[in-house]
Every structure is written in C-alpha cells, then in structure tokens.
Amino acid sequence: MTNASVREFKMPDVGEGLTEAEILKWYVQPGDTVTDGQVVCEVETAKAAVELPIPYDGVVRALHFPEGTTVDVGTSIIAVEVAGGAAPAQEEAPAAPAPAAEPERPAEQPAARQPVLVGYGVATSSTRRRPRKQAQDPAAQQAASAVQSELNGHGAAPAAPPAPVAPAGPASSAAPAQRPLAKPPVRKLAKDLGVDLATITPTGPDGVITRDDVHAAVAAAQAPQQTAPADRPAAPAAPAPSAAPASYDSVRETRIPVKGVRKATATAMVGSAFTAPHVTEFVTVDVTRTMKLVEELKQDKEFAGLRVNPLLLIAKALLVAIRRNPDINASWDEAAQEIVVKHYVNLGIAAATPRGLIVPNIKDAHAKTLPELAASLGELVSTAREGRTSPSAMQGGTVTITNVGVFGVDTGTPILNPGESAILAVGAIKLQPWVHKGKVKPRQVTTLALSFDHRLVDGELGSKVLADVAAVLEQPKRLITWA
C-alpha cells in the first residue's frame with residue numbers, strides 16, 4: 001500500500017468492568033485482507049465468549065498473541081496495515097500502560113505462518129509474555145517462535161537472560177538443544193512418570209509431544225526389564241498386578257485450569273453461599289394436566305415453529321406466583337441496608353455449556369405472552385448452546401429457574417444467583433403411583449425445590465410462592481383464573 005501505516009487493535013472491554021479476556025480462536029492470519037466490521041477473533045471473558053470485529057480496512061501484519069493467551073484489556077492484540085497517513089489513536093479500547101522495555105515489533109512478519117499452540121493455565125492479572133530470543137538462522141528462528149508461542153499460551157514464567165555465547169571452538173561446536181514442545185498436562189504427566197521429554201520422538205503436529213508419546217516411552221523403558229540377562233538365572237516372576245484401565249494405571253490425576261466462565265461462576269457461588277442465608281423448601285406435585293397441556297400447545301398454530309416443553313409452563317407458573325407474591329422478586333442492598341423490590345421480572349434460566357454454567361435471563365419476562373415467552377426461551381437456549389450468549393444477557397436477573405430434571409435428578413438445593421432472592425429447581429418428571437380422586441393411579445409427578453434468601457424472604461413468603469407454582473402446574477387452568 002502507498003502511504004500505509006500500521007494500526008494496533010487493542011483488547012476492548014467487552015463486558016462491564018472486565019479486566020482481561022482469553023483469545024480462543026483467530027479467524028485471520030498475517031497477510032490476510034480484512035474489512036471494517038469483519039470478525040477477526042473470538043475471546044472468552046469471565047462472562048461469555050464474544051467475537052471481536054476489526055474497525056478498519058487493511059492487511060493483517062501481526063498477531064501479537066497465540067490462541068489460549070489471556071490478555072489484559074487495553075493491550076494490542078493485532079496489527080493491521082491501513083492505507084492513509086499516520087495512524088490515529090485507537091478509540092475502540094482504553095489505552096493500557098506501556099510495558100517496560102518492550103522490544104519494538106516489526107511491521108512485517110515472515111511469509112511462512114508459525115504454528116500456534118493452544119495454551120492452558122490459569123490467567124493472572126497481567127498479560128504473560130516471554131522476551132523474544134534472536135535466532136541465528138531461519139530454521140532456528142522458526143523453532144524458537146514455536147516454543148515462544150507455546151510458552152505465551154501457557155503463561156510460563158519469564159526466562160532467565162541468555163548466557164554469554166562462548167567463542168566457537170572444538171568444545172562448543174554443538175548447538176544447544178531446543179526445549180521439547182509439549183502442553184502443560186503432558187509435561188505434568190512426563191514429570192509424574194519420570195520421563196525426560198528430550199528423549200521422546202514427538203508424533204504430534206508441528207513436533208508436539210503427545211500423551212501417547214509419553215506412554216509409549218514408558219512402555220519402551222519397561223520392556224527390557226521383562227527379560228533377565230543371559231549370564232544370570234531369571235528371577236521368579238512377580239505376581240501380576242490387577243488389571244486396570246491405562247488411564248487409571250498410569251495417569252492418576254488430571255488438572256483442569258479454572259478460568260473464564262467457570263472461574264467467575266465459582267467465585268459468584270462461593271460469595272452467594274457465604275453471604276445470603278439459604279433456605280430450601282420442597283414440594284412434590286402431580287403435573288399430569290400440565291403435560292397434557294404441553295402436548296395440546298404443540299398442535300396449536302399460535303406456537304408453530306416454537307419449542308413447547310414443560311419448562312415453558314413452569315416458567316409461566318413462576319411468573320404467576322411472583323405476580324401474586326411480588327416481594328419474592330427482590331434483592332438485598334447491603335451498603336444501603338435496604339430491600340429492593342423489583343417491579344419487573346428478568347427470568348434467569350441456568351444453562352450448562354462446555355465452558356461452564358451460565359445464567360442468561362429473559363428481560364421483562366412478566367410482560368410476555370405465552371408464545372412470546374416460548375420464543376424467548378428457545379432463543380436463550382440455542383444461543384447458550386452455541387456459546388454466543390452476550391454479557392448483557394447475563395446481567396440484571398431477578399429470579400432464576402434451574403432444570404436439574406433433564407439429568408434424571410429428582411431435585412436439589414440450588415444456590416442463589418448473586419443479587420437475587422430466589423431460585424426454583426425443577427426435578428425429573430416421572431410416571432409414579434399417585435392417589436388421584438381416591439384411587440391409586442399412575443400419574444406424571446415431579447418435585448420442586450425453592451431456595452431463597454432468608455434475610456428478605458421469610459418462611460411464609462417462600463412457602464406461598466412454592467405452593468402457587470405447584471398449584472398452577474397441578475391445575476394449569478389457573479394460568480387463566482389467576483391472571
């Protein structure tokens with residue numbers, strides 16, 4: 001490009017007050033052309049996974065961090081060469097303090113793409129980066145870049161300054177060996193099994209040592225021990241150990257990094273459990289009529305194209321109970337020592353995703369018709385499963401439903417979502433013997449559990465809400481008579 005300049009795109013605050021995000025996936029590589037609004041990467045914050053669009057046209061010149069790296073908000077993550085004069089100051093993200101003694105990044109990257117290793121490890125409050133090392137030739141430079149990418153992704157500690165290079169001579173003719181490429185779980189496995197990674201021939205992509213490589217090395221080391229030397233008699237065979245799966249025999253632990261959504265959930269749940277005094281009440285209810293209504297609604301043209309299931313009517317039953325008992329829809333303001341009653345219901349639905357438990361909510365659910373509620377529930381669930389739930393969708397909830405019944409569980413004692421006063425757990429709906437009209441008959445039965453904050457919800461209020469939900473599910477015509 002003529003009159004071109006390189007602009008640095010910084011990690012924006014994609015939530016409210018978030019300080020860092022992990023780069024999950026790059027959609028572009030150096031040399032690719034990008035346009036204003038094009039998504040260039042996906043990042044995960046403590047609340048959700050978010051796609052980041054680039055705010056200008058140009059050519060990608062550098063990706064400053066590999067996938068798996070946790071980066072502070074305000075840190076440049078990608079360099080793009082744009083046409084025009086000097087690059088104006090970026091407005092998309094707050095400026096971050098410049099790192100001390102940061103090596104200047106070249107405007108051009110090598111034509112060959114470097115291998116990217118997905119990193120693991122718990123993020124800290126600052127971006128983890130190792131100083132770059134100068135390679136003596138292109139091959140060494142490429143290998144060093146691969147090692148650097150891996151270490152950046154894993155958040156390794158800064159390397160010690162390189163030792164002075166001794167003059168070339170007979171004693172120093174051999175080049176120092178490169179650090180074997182392996183991800184932290186594999187390094188941990190090798191350490192536990194006493195295997196030197198430098199002795200293993202890697203079979204993974206880009207020369208990465210895999211778990212299978214480590215196990216193969218262990219098997220190879222043990223094989224010679226099965227045969228006694230020729231100059232001495234063979235020792236009596238030891239009793240064979242009990243057979244066990246390889247995963248239990250050789251790998252005794254697996255460590256999973258706590259970060260992103262799971263880290264935020266753990267922090268929030270611990271805070272909730274030790275801040276709000278929880279009380280949980282239970283009720284078992286005959287929902288046979290509700291299940292019949294579900295089947296009827298599936299055939300109704302008003303619900304064409306919408307997903308109709310028991311959760312829809314359970315959500316509507318809870319909204320009716322809240323309308324009859326509005327004080328349950330509240331929060332505790334510790335600073336002001338006040339109870340804040342909400343005159344709207346943002347209904348949270350707990351959703352299990354690969355990244356952990358999230359609780360997006362349906363805004364103003366109290367004002368929605370049953371078809372509108374069905375559409376909102378369907379959109380919420382599909383978005384959560386795809387990992388596209390936005391941070392705003394998980395903020396401002398007032399009351400939550402968690403459906404443990406989908407796992408075949410009868411009930412539970414759910415922990416309150418922070419800032420809310422009640423959460424309803426729905427158990428599995430099962431065909432059970434039930435006394436109906438004086439006779440024991442097979443009926444569809446489920447158990448509901450309501451946990452509430454006993455600072456602002458006493459036993460009477462909590463019991464009324466739970467009883468109302470059960471009454472609506474037992475006689476769904478109350479959705480009309482209690483409206």
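Scanning for side chain to side chain donor-acceptor pair (under 3.5 Å) contacts around E372 gives T369, with sequence neighbours left out. For A384, the side-chain contact (heavy atoms from CB on, under 4.5 Å) partners are A351, T353, I358, T389, not counting sequence neighbours. Checked against side-chain contact (heavy atoms from CB on, under 4.5 Å), T413 has the following partners two or more places apart in sequence or in another chain: T280, F282. By the side chain to side chain donor-acceptor pair (under 3.5 Å) test, D213 pairs with T203, T210, sequence neighbours left out.
Between the CD1 atom in I322 and the CG atom in L347 there is a gap of 7.0 Å [rounded to 0.5 Å]. Expressed to the nearest 0.5 Å, how far CD1 of I209 lies from OG1 of T199 amounts to 8.0 Å. Between the CD atom in E8 and the CD1 atom in I77 there is a gap of 10.0 Å [rounded to 0.5 Å]. Here OG1 of T447 is found 10.5 Å from CD1 of I429. Values are rounded to the nearest 0.5 Å. Atom-to-atom distance recorded for I423:CD1 and D453:CG is 12.5 Å, nearest 0.5 angstrom. Annotation: the span from K363 atom NZ to N346 atom CG amounts to 5.0 Å, rounded to 0.5 Å.
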Next item on the list: Would you check, one step at a time, whether the test side chain to side chain contact (heavy atoms under 4.5 Å, CB included) holds for V406 with L311?
Entry: CA-CA 10 Å; V406 296; L311 181 60; over 6 Å; no
Check: Where do Q29 and V60 land on the side chain to side chain contact (heavy atoms under 4.5 Å, CB included) test, with the steps shown first?
Finding: CA-CA 7 Å; Q29 292 293 332; V60 178; over 6 Å; no
Checklist line | Test log, rule side chain to side chain contact (heavy atoms under 4.5 Å, CB included), inputs L370 and F303 | finding: CA-CA 9 Å; L370 198 59; F303 293 86; 3.8 Å; yes
Margin query: Is there a side chain to side chain contact (heavy atoms under 4.5 Å, CB included) between I314 and L424? Walk through the geometry before answering.
Written below: CA-CA 10 Å; I314 292 169; L424 177 70; 4.1 Å; yes
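Under the 4.5 Å side-chain criterion, counting only non-hydrogen atoms from C-beta, F65 is in contact with T75. V426 is listed as a side-chain neighbour of I401, based on a closest heavy-atom distance under 4.5 Å. Using a 4.5 Å heavy-atom cutoff, the side chains of I23 and M11 are in contact. For the pair V34/I78, no side-chain contact is recorded, criterion being any heavy-atom separation below 4.5 Å from C-beta on. Annotation: side chain of P53 is not in contact with side chain of V40 (no heavy-atom distance under 4.5 Å). Side-chain contact check for L52 versus V43: some heavy-atom pair is nearer than 4.5 Å. Looking at heavy atoms from C-beta onward, I200 lies in side-chain contact with V214 at the 4.5 angstrom threshold. A heavy-atom distance below 4.5 Å is not found between the side chains of D327 and V457.
Under a 3.5 Å cut-off, the side chain of T70 and the backbone N or O of E22 do not form any donor-acceptor pair. A donor-acceptor pair under 3.5 Å links the side-chain atoms of H366 to the main chain of V345, judged by distance alone. Of the possible polar contacts, none joining the S451 side chain to the H278 backbone as a donor-acceptor pair under 3.5 Å is found. For N361 (side chain) and Q395 (main-chain N/O), a donor-acceptor pair under 3.5 Å exists by modelled atom type. N403 contributes no side-chain N or O that, together with a main-chain N or O of A425, makes up a donor-acceptor pair within less than 3.5 Å. Counting only distance, with no hydrogens or angles, the side chain of N329 and the backbone of Y344 share a donor-acceptor pair below 3.5 Å. Of the possible polar contacts, none joining the W332 side chain to the S421 backbone as a donor-acceptor pair under 3.5 Å is found. With hydrogens and angles disregarded, no donor-acceptor distance shorter than 3.5 Å links the side chain of N325 to the backbone of I328. Judged by distance alone, the side chain of T446 and the main-chain N or O of A428 form a donor-acceptor pair under 3.5 Å. Formation of a donor-acceptor pair under 3.5 Å by the Q38 side chain with backbone atoms of I54 is not found in this model.
Sequence neighbours left out, the pairs with a member in residues 409-423 that pass salt bridge (charged side-chain N to carboxylate O under 4.0 Å, His left out) are D410-K430. Sequence neighbours left out, not one pair with a member in residues 340-350 passes salt bridge (charged side-chain N to carboxylate O under 4.0 Å, His left out).
The heavy-atom pair separating A350 from L357 by the smallest distance is CB-CD1, 4.0 Å. Contact record, L319 with A365: CD1-O, 3.6 Å, taken as the closest heavy-atom pair. E67 and W26 get closest at one heavy-atom pair: OE2-N, 3.0 Å. Of all the heavy atoms in L450 and A422, the pair that sits closest is CD1-CB, 4.3 Å. The two atoms that bring V195 and A217 nearest to each other are CG1-CB, 4.1 Å, heavy atoms only. Heavy-atom minimum distance, P326 versus V341: O-CG1, 3.8 Å.
A salt bridge links R388 with E42: the distance from a Lys NZ or Arg NE/NH1/NH2 to an Asp or Glu carboxylate oxygen falls below 4.0 Å.
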